[in-house]
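Just so it is clear: chains get the letters A, B, ... in the order the sequence lines come, proteins before strands, and each one is counted from 1. The model shown is predicted, which means the values in this text are computed figures rather than measured ones. Excluded from the calculations below are hydrogen atoms, water molecules and symmetry mates; all remaining heavy atoms, backbone and side chain alike, are included.
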Amino acid sequence: MPMPELPEVETIVNGLRGPLIGRTFTGVRVGWENIVARPAVPEFQQRIRGQQILGIRRRGKYLIFDLSRGDSLIIHLKMTGQLTVRPGDAQADKYGHTVFDLDDGCQLRFLDTRKFGRVYLVADEGEVVGSLGPEPLADNFTLSDFSALIRERAGTLKPLLLNQKFIAGIGNIYADEALFVAGIHPQRKAGTLMGNEIKRLYQAIRQVLCQALADEGTTFDGAYRKVDGGEGGHQENLLVFQRKEQPCPRCGSTIERIVVGGRGTYFCPCCQK
DNA sequence: CTAAAATCCTGGTGGC
DNA sequence: TGCCACCAGGATTTTA
C-alpha cells in the first residue's frame, strides 16, 4: 500500500484545478485534530474562511494552494490520503476527517484512513517546503546537478533517494523502479557510483517518473485515487515493485524483497549490482 | 556525517 | 469463526 508520490500528487493537482480555482472557502470541519499540523484548529478554521483559491501547485509530495490573503494551504497525503470534490449534500465519507466547504456548495474532502496526512495553513510556505531538495523533473535539474549531489554523499543509495531533502518527490515505488532501470543495487553506497552509473540513475529517475505521470500514477490496494475516483494505470507497468518471486522482466531471474533503511525493497539480484 | 529506532495510525493478514 | 499479535509505511524526532 504505497503512498502518493510525485506522479500521483501531480495528477491530483491537475484534477483539482478545474473544480477549485476561483472558489472561496466558506468553512472547514475538522474531525481529527492531529491532521491539522498548524496553526491550532480554531485559528485554522477562522483564517481559511473567506480566502479564494488563486492557484494549485505541487512541490515534492506536497500540494500547495495559493490563497487570496497571501496564505498557503499545504496538504501532504502521506500514505492513505485522498482528495475528492463532491456536492455538499453528497453522502459523508467514512474517513472524511477534514472537509472544506466551498462557495459553490461543493466540498473539498480530505479522506485518510490512517490519519497520517497533514494540513498546514501558513503565510510563508518555506516553513513547510523550504528544506526540500530539487525537483527531479525540473528543466533546470541537470545531470551535473545530480552528479554533484550524489558525490557529496556517503550513505546507502535507496534511503538517499527517499530523503526529501536530497531530492523531492520520490517514494518507495519509484526508488525501486528507478534503481532497477539503472541496473544499480539499492544497497550501494552513493560514493561508490561511477560516472556512467550516476548518469544511468539520473536518466532512470526522470524516465520512470515521466512514464508514471503519463499513466496518471500507480494505484495499489485502492490507496491512491484520482480526484474523480478513478485508478491510475502505472501498476500495469511496474517492473520490480511488489513483484517478489516473479520473474525479472529483463533477465528472468527471480525478483527478491529485502529491507533497506526499514523499507521493503524489491530488486533483481542479477541485473542490479 | 550516517543510521537505527521510536512515533503516529488502522486495515489487512496469518496463526491457531 | 473469532481472536489477536503483527506489519506496512513517510516524515520527524530521538538516540547512538
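Counting any heavy atom pair closer than 4.0 Å across all strands shown, A:G264 reaches sugar-phosphate atoms only and no base atom. Residue contacts shown for A:K165 are limited to sugar-phosphate atoms, with no base heavy atom under 4.0 Å away. Nucleic acid contact class of A:D112 (heavy atoms, under 4.0 Å, all strands): none.
The closest donor-acceptor contact from the side chain of A:T219 to the backbone of A:E231 lies at 3.5 Å or more, if one exists at all.
Computed from coordinates, the A:F241 CZ to C:dA8 P distance equals 12 Å when rounded to whole Å. The distance between atom CZ of A:F116 and atom C1' of B:dG11, rounded to the nearest whole Å, is 12 Å. A straight line from NZ of A:K115 to C1' of C:dA8 spans 18 Å, rounded to a whole angstrom. Summarising the geometry, the separation between CG on A:L160 and P on B:dT2 is reported as 8 Å, rounded to the nearest angstrom. Computed from coordinates, the A:R118 CZ to C:dT13 P distance equals 12 Å when rounded to whole Å. Rounded to an integer number of Å, the gap from A:E127 CD to C:dT12 P is 13 Å. Spacing between atom OH of A:Y224 and atom C1' of C:dG10 amounts to 18 Å, rounded to whole angstrom units.
Salt-bridge annotation for A:K158 and A:D176: present, with a side-chain N of the basic residue lying under 4.0 Å from a carboxylate O of the acidic one. Classification of A:E216 and A:K226 as a salt-bridged pair holds, one side-chain N sitting under 4.0 Å from a carboxylate O.
Contact check, A:K189 against B:dA3: a side-chain N or O comes under 4.0 Å of OP1 or OP2. Between A:K61 and C:dA11 there is a side-chain N or O to OP1 or OP2 distance below 4.0 Å. Regarding contacts with the backbone of B:dT10, every side-chain N or O of A:Y95 stays at 4.0 angstrom or more from both OP1 and OP2. Look at A:N34 and you'll find a side-chain N or O under 4.0 angstrom from OP1 or OP2 of B:dC9. Between A:H76 and C:dG10 there is no side-chain N or O to OP1 or OP2 distance below 4.0 Å. Distances shown here put a side-chain N or O of A:T156 below 4.0 Å from the OP1 or OP2 atom of B:dA3.
The side chain of A:R257 sits closest to C:dG9 out of C:dG9, C:dA11, B:dA3. When distances are taken from the side chain of A:R263 to each of C:dA11, B:dC9, B:dT2, the shortest belongs to C:dA11. Of the candidate nucleotides C:dA11, B:dT2, B:dT10, B:dT10 has the atom nearest to the side chain of A:R114.
Note on A:V13: it clusters hydrophobically with A:V119, by side-chain heavy-atom contacts below 4.5 Å among ILVMFWY residues.
For A:R47, the salt bridge (charged side-chain N to carboxylate O under 4.0 Å, His left out) partners are A:E43, A:D71, not counting sequence neighbours.
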